[in-house]
Each structure stands twice: as C-alpha cells, then as structure tokens.
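For the single chain, residues carry numbers from 1 onward in sequence order.
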Amino acid sequence: MDIQRQLAEEEITNDLRYLQLLSRSFPAIADATTEIINLEAILNLPKGTEHFLTDIHGEYEAFQHVLKNGSGAVKRKVNEIFGNTIRESEKKDICTLIYYPEQKLELVKATETDLDDWYLITLHQLVKVCQNVSSKYTRSKVRRSLPKEFSYIIQELLHESSMEPDKHAYINVIVSTIISTKRADDFIIAMCNLIQRLTIDSLHVVGDIYDRGPGAHIIMDILCGYHNFDIQWGNHDILWMGAASGNRSSIANVIRMSLRYNNLGTLEDGYGINLLPLATFAMDTYTDDPCTLFMPKMSEEKNVKKRTLQLLAQMHKAITIIQFKLEAQIIDRRPDFEMQDRKLLHLIDFEKGTVTLDGKEYILRDTFFPTIDPADPYKLTEEEWDLINKIRKSFINSEKLKKHMRCLFTNGAMYAVCNSNLLFHASVPLNADGTLKEVEIMGKTYKGKTLLDKVDQLIRTAYFEEEESEEKLFARDYMWYLWCGKNAPSYDKERMVTFERYFIADKSLHKEPKGCYYGLRNESRICDMLLDEFEVPGEHRHIINGHVPVKTIKGESPMKADGKLLVIDGGFSKAYQSETGIAGYTLIYHSHGLELVQHEPFESTQKAIEEGQDIKSTTFVIEFNSQRRMVKDTDKGVKLKTQIRDLKELLVAYRNGFIKQNVWKLRE
C-alpha cells in the first residue's frame, strides 16, 4: 500500500462517522460521482449578481423599483440582447413590462388593436431575455425558481433554440397555443417575475429599513418573500427591534420619529399599533398649545389638513416629553452607559424659560411643560405611565411586527463577510490613533469583531430570552443605547442632541460630533486593519457602509481609502435628498466587476407604469475583472469545493469497503 493511500484511509477512518451520515444522501458510488460532476460544473459557471442597498428608510416605492430593475441590470440586459434591432421606445416598453407586468398588461389591452400579434412578439422577446438571465445558472437552479403551473413550458422554451429549423415550428406552436388558450397574461406575468428573480442572485441590505419614509412594513413584506437576502442591522432597525422587545424608551423614540415625519402608516396600518390613547392624552394636555416646534416635516407635500396637523403636533410633543423621562430612567440605572449629560430637564429654569448647558444660559423656544414637575422633572405622571404601558402592549402583541422581527433576526446580523466584502451599517469604534477602541459591556471589554459579536448576542437576548434575568434586562436597555450611545457601533457619535434641536435656537448645539472611525476610514491602512480584524480574504476586498449620507452635492465621494471603502448612503430617503443632491447609491457586483450606481429621485410607480419612466441612474465602474469571476472564486465556491472533497472521500470509503453501498435504496 503506498503512503498516499494509507494517509487517505487514515483520514477516512477518522471521518467515518461523518461519511456514514453523508452516505444517507448519496447511498451509492453512482450517486456520489453524479453529484461531484454537478458540483464541478457549477464551480465553472459565472458568479451570480449581488445587489447592495442601504438606508432605505421606508421609501418603499423607490426600493421596489430599484429591486425590480436590479439597479439598471434589467435595462442593461435588454440593451445587450436587442441592440439596434428594435426602437428605444420598444426597449423601454419591455423593461416596464418586466418591472410591472400586471399593470402594464392592463394599459396594453386598453390601447392595443391587435392583441394576439402583440402577445406573439412580446412572448418571443421575453423568452430571449429569460434565456440570457438564466444562462449563468444550472438547469436545476432555474427549475427551482420556476412557477409550478408553467414550469414544463418555460423549461422547453428556455432550452430550445428557435434558430434550429427542426425546433422553430415546435416553439412557435407552444407560443401560439399559450395565446389561443387565453393564458398569455398569466404566462407573461410568470416570465417577468422569473426574469426579475434571475437577474439578481442575492440582495444585501446594509441597514436602516425603518423610519422617515411611509412604508417600512411594505419593504419588510417584500423582503420576507425575497428569494435570497441578508440584512446588516442599522440603528433605526435596532430601535424598532428594541421597541418590539418591549423597551419603552425605544417605543417612545419610534413613535416620535413617525410623528416627526408624519409617517404613521407603518405604525397604524402596518402593525396595528393603537395610537388613540396618545391622541386623547395629547388633546387633553396640550389643548391651548400651538406646538409650533412639533409640526411634522414634509407636511405640505402630503397636503395634511390644518386640524390633523395640529393633533399630530400635540401627539409629537407629548411623546417627546415622555421619551426624555423614560431615557433618564435608563441613564440612572445604567451609569456604565456614561450618558448623564443627556439628562437635561433638571437644567431648565421653568420660571425664566431658560436652560443652562455647560455654564451658558439659553432661551427655550417652547416653555409650556404641563406634565413636568420642576421638583422631580423625570417622574412620569400617572396618565403618562398608563399611556406608555398601553402602547407597549400594542407593540408586544402585534402579530405582523412579530413576523417582521423574526425575518430581521433570521436574515440579519451586525455584520457580514461575503465574497471579500465586509458589510456593516455604521462603524467599528476606533481610538484617535486608529487602534480598535475597547468598549466595556457588563464588566468586560470588547473591541473590533468581538464587540460586534457581543452586540449581536445582546440584541438576540433582549428579544428571545424568556426569563427576566439580569442579562435580559440589561440587553433590553442596551437596545436603546445602540440607538444613541457614543460607543455603540450602530451609532458612534458623541451625543444625540434631540433636546437641543427641538428647544434651543443656537445651531452650534445641534451638531453631533462623529466618532474617530468616520474620519479614519478614509485611510487605506485603517481599512486593511479592519479587513484583517474580520478575516476578510481576497486581493480585492472592500468595506461597505451606510448610515452617514454622502453629500454628493458638495463634492463628497462615496469611495474612500483608494476605493477600499464604499459608503452607499446617498439619500434614498426624501428627507435627506436636499443634503445629498441625489436619491441614493446602490452597488452591483457581477462576474465582470463591481459597479456603483447613482440614482436620481424616483417620481412614482404610477409614472413608471404609465409613461415608462425609469429611475435615471449613472453607473461608475469601480473594478473590472479582466477575466470573468466564476463560482469557484466565491465563498459559495469554497463550500462547494469542501463538499466535493467530502464526496471524494466517500468514494474512497465505498471502494475500499469502509462503507457499504445501500443496495435497497439503489433498487428503489
């Protein structure tokens, strides 16, 4: 026996228990060899297209459109396939149909004079597009993506060429029969959805799905049904996760943010949160208060009635004061959070209408505080306690919110490493000299990767731990800290100046100094250090962030540190677009390279359907691969190579008699 064979047999003996388990899935040599051939073939397919988005902030229409068009990937495919063979207007119509098949079909049927001819042309065009987008996948993967009712027909159309004389009539008969049996509409919808699904292999959402925009719940519904995605939690997501876990301060912040941007749809329509007690309390408490400082933002755009606006402002003020009181309770019981400077109500001189900060006196813009006792300013009134507890029950008992939280936890984490890219929403806390900052949590210190891992664990403890243990209570409070704490990797700013922005006119107090990470991330050495810390492999590796909007209008670039770090928060949220000058960045990573896509504001889904208006986007090639990147070059490829090695060990075990083939299973 040669040495190599002896070593192989020794290794097999050590792994025998695992190989016996593997043999249940591959009970014979034929099964194992077939799977090896299949996996080897997959390794040599082009890598799937990855799509990166961040800071969506409830803008569900823009999100939905960018998802449907793959940040321009569908349009690019249509241009490649049809080139100059059809007019630009026809290519635009094909794209709109792919994005919104049901709505576009209704418009076509209302205007088209020869519908059967339109069906015939369109079906052939969609087959071409579908053949193109499915070409980088195995037949089995495409088959798993197919709608059951049309699976066989679509397989026939995708894998047969109409250029072959013997097949031309066969394919034409299939298409014409689809039309004659009145199934064209359903078939077109199925084909369009399949094209969307196959264009993007995986989606990465780098945080902040919630707040500001009107439809975070709609975005979560879309994500919960998406074929392959992951989420790196942002501070706004964690705020909602904290609210869902029962943290009263997080609940107050969630409601305040919703009222500030006049976006109660997610709370009331999406999750059934009952805000009637808050409305009643606010009307009673602030009847004669104009609540001018608390008028919702962007209310003019939404044509809100004056009476409704006044009520929203009253509710906004009521929950803001409750929030300050609730936060003070956490600050007092968690001195290790080091946030005593965020307790400001006791610094108010209620008679003079001023507040003293750092030895300087400032005039308050609003001095009507009927629920604050100057002798004990952080004590909630009996009505306030009753109110926040009622709302807390609504959050904890909302079935839709529970469903979306499960989705966030199952598919989410503080960070991800994928195909040489390190994804996290905001920051990894650093010292001024660029070293990893040590952060104390429950008496122990953490930094870098271990810090994010610990934070991830605490978030899960806060939501899932059933016993009201000390760690559970701490974790629930820590969820709020992650929203606004200076050493929180999801925030990492010196302070959140909510009180100052509402009540003090001096804008110098409105600044929130950023942590060291945000300046140091411009340096290549810092990015390399962080990529090493998180064990990110590869020659061309990147960090991908969101959180801080890139002010393109002022010449700021989303590319930092010679392209090693990409910040793709460009203003998806309408609330940020005046600062950024654009409507967001997205990132596409396909087999040819990495592309940054800059988007103009999206007008509406209605205009996209009726007028074929796509989001105007500009694409920048960040990296171009001289050779196409294949599956074998990806993280998936590493896993497949491991599977192939295990299967080859199983073959040796079969051939040397360590494991017997399952004859009975073979006969079945």
Between [X] (side chain only) and [Y] (backbone N and O only), is there a donor and an acceptor less than 3.5 Å apart?
| X | Y | answer |
| --- | --- | --- |
| S398 | S394 | no |
| D237 | I209 | yes |
| Q340 | P335 | no |
| S258 | V254 | yes |
| Q310 | D289 | yes |
| E384 | T381 | yes |
| H236 | W483 | no |
| D569 | D55 | no |
| Y518 | N522 | no |
| D386 | E382 | no |

Distance in Å, [X] [atom1] paired with [Y] [atom2], rounded so as to fall on 0.5 Å steps:
| X | Y | atom1 | atom2 | answer |
| --- | --- | --- | --- | --- |
| I273 | L278 | CD1 | CG | 12.5 Å |
| I459 | S245 | CD1 | OG | 10.0 Å |
| T320 | Q323 | OG1 | CD | 6.0 Å |
| M315 | T280 | CE | OG1 | 9.0 Å |
| M241 | L482 | CE | CG | 9.5 Å |
| R525 | L530 | CZ | CG | 10.5 Å |

Are the charged groups of [X] and [Y] less than 4.0 angstrom apart, N to O?
| X | Y | value |
| --- | --- | --- |
| K560 | E556 | yes |
| K514 | D492 | no |
| E523 | K564 | no |
| E361 | K352 | yes |
| R334 | E470 | yes |

Within-4.5 Å side-chain heavy-atom neighbours: [X] and [Y]:
| X | Y | answer |
| --- | --- | --- |
| V66 | L53 | yes |
| P214 | E59 | yes |
| M479 | S249 | no |
| F424 | I544 | no |
| F52 | L423 | yes |
| L565 | H542 | no |
| H204 | T54 | no |
| M220 | Y271 | yes |

Does [X] [atom1] have over 12 foreign heavy atoms under 6.0 Å away?
| X | atom1 | answer |
| --- | --- | --- |
| I363 | CD1 | no |
| D433 | CG | yes |
| K447 | NZ | no |
| K390 | NZ | no |

Check the side chains of [Y] and [X] for a donor-acceptor pair under 3.5 angstrom, ignoring hydrogens and angles.
| X | Y | answer |
| --- | --- | --- |
| N545 | H425 | no |
| R256 | N253 | yes |
| Q457 | E471 | yes |
| H404 | D221 | yes |
| R392 | N247 | no |
| S524 | D562 | yes |
| S508 | D506 | yes |
| N274 | E268 | no |
| D208 | W233 | no |

Minimum heavy-atom separation for [X] and [Y], please, with both atom names.
| X | Y | value |
| --- | --- | --- |
| S71 | H51 | OG-NE2, 2.6 Å |
| C407 | F229 | SG-CZ, 3.6 Å |
| L520 | A432 | CD1-O, 4.0 Å |
| P377 | A375 | CD-C, 3.8 Å |
| P370 | T285 | CG-CG2, 3.7 Å |
| P296 | L312 | CG-CB, 3.8 Å |

**Message:** Is the distance between the ring centroids of F409 and F464 under 6.0 Å?
**Reply:** yes

**Asked** Are the aromatic rings of H346 and Y378 close, with centres under 6.0 Å apart?
**Response**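 Between Y378 and H346, which both carry aromatic rings, the centre distance is below 6.0 Å.
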
**Fill in**
Paired with K437, the side chain to side chain donor-acceptor pair (under 3.5 Å) test is passed by just one of N431, T445, N487, namely N487

**Name of the residue among Y60, W240, Y261 meeting ring-ring contact (aromatic ring centres under 6.0 Å, His included) with Y210** =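 Only match with Y210 under ring-ring contact (aromatic ring centres under 6.0 Å, His included): W240.
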
**Request:** Evaluate the ring planes of F503 and F499, with Trp represented by its six-membered ring, and classify them as parallel (under 30°), tilted (30 to 60°) or perpendicular (over 60°).
**Result:**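 Plane angle between 30° and 60°, so tilted.
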
**Asked** Going through the distances and angles, do R365 and E500 end up as a salt bridge (Lys or Arg N to Asp or Glu O under 4.0 Å)?
**Response** CA-CA 10 Å; R365 299 168 68 202; E500 290 91 332; over 6 Å; no

**Request:** Might you work through the salt bridge (Lys or Arg N to Asp or Glu O under 4.0 Å) test for E465 and R460, ending with a clear yes or no?
**Result:** CA-CA 8 Å; E465 181 69 48; R460 296 179 194 279; over 6 Å; no

[Y] six-ring face occupied by [X] cation (under 6.0 Å, within 45°):
| X | Y | value |
| --- | --- | --- |
| R260 | Y502 | yes |
| K317 | Y286 | no |
| K486 | Y481 | no |

**Request:** Among P429, P489, S427, find the residue that satisfies the side chain to side chain contact (heavy atoms under 4.5 Å, CB included) test when tested with Y517.
**Result:**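 With Y517 as partner, P429, P489, S427 yield a single side chain to side chain contact (heavy atoms under 4.5 Å, CB included), made by S427.
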
**Request:** Check the pair D211 / H57 against side chain to side chain donor-acceptor pair (under 3.5 Å), numbers first and verdict last.
**Result:** CA-CA 5 Å; D211 290 331; H57 284 303; 6.0 Å; no

